[in-house]
Amino acid sequence: MPSPPQPTSAPPPKRHVSRSIWLGGASVAIWFCCPFWMVVCYLALPLGVSGLFCGISHHRSQDKELRAQARTGLVLATVGTAAAVGYLIFLATHPDLPIQD
């Protein structure tokens, strides 16, 4: 007598985290991890801008989960980019600050 077929459970769907979250999160986290802000602003700016472009392209997709993640990545990337631009403006208006005698 053959045994009844065993129900196979499908593996849970793999959660895909949007690249904009990684790039935006990195552009924000680097400000807290490195005390050398003069170096950090030049690293955070390209990460944040890349996160903004990825977030915009992912937000235009039709997947609702990807859109929600893209919004989160857009917020993080905007904060990191704004901090980098703000610090660069601060350095431009105070040229004597980076070099201490």
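From a predicted model like this one, the values you see are computed outputs, not experimental measurements.
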Can you name the closest pair of heavy atoms from [X] and [Y] and give their distance?
| X | Y | value |
| --- | --- | --- |
| Ala77 | Gly51 | CB-C, 3.7 Å |
| His58 | Arg67 | O-CG, 4.4 Å |
| Ser20 | Gln69 | OG-O, 4.0 Å |
| Cys41 | Ala84 | O-CB, 3.8 Å |
| Leu52 | Thr81 | CD1-OG1, 4.0 Å |
| Arg71 | His59 | NE-NE2, 3.4 Å |

Are [X] and [Y] connected, step by step, through hydrophobic side chains (Ile, Leu, Val, Met, Phe, Trp, Tyr) whose heavy atoms are closer than 4.5 Å?
| X | Y | result |
| --- | --- | --- |
| Leu91 | Val39 | yes |
| Leu45 | Met38 | no |
| Trp37 | Phe90 | yes |
| Val85 | Val49 | yes |

Using distance only, find each side-chain donor-acceptor pair of residues 25-36 under 3.5 Å and give its atom names and separation, not counting sequence neighbours.
{"unit_1": "Ser27", "atom_1": "OG", "unit_2": "Gly24", "atom_2": "O", "d": "2.7"}
{"unit_1": "Trp31", "atom_1": "NE1", "unit_2": "Ser27", "atom_2": "O", "d": "3.3"}

Quiz item: What distance separates Ile21 CD1 from Leu74 CG, expressed to the nearest 0.5 Å?
Solution: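 The CD1 atom of Ile21 sits 10.0 Å away from the CG atom of Leu74.
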
Self-check item: Stepwise side-chain contact (heavy atoms from CB on, under 4.5 Å) test for Asp96 and His94
Solution: CA-CA 6 Å; Asp96 56 329; His94 299 87; 4.2 Å; yes

Quiz item: What's the verdict on side-chain contact (heavy atoms from CB on, under 4.5 Å) for Tyr42 and Leu88, showing C-alpha distance, side-chain angles and the deciding distance?
Solution: CA-CA 9 Å; Tyr42 294 111; Leu88 286 173; 3.8 Å; yes

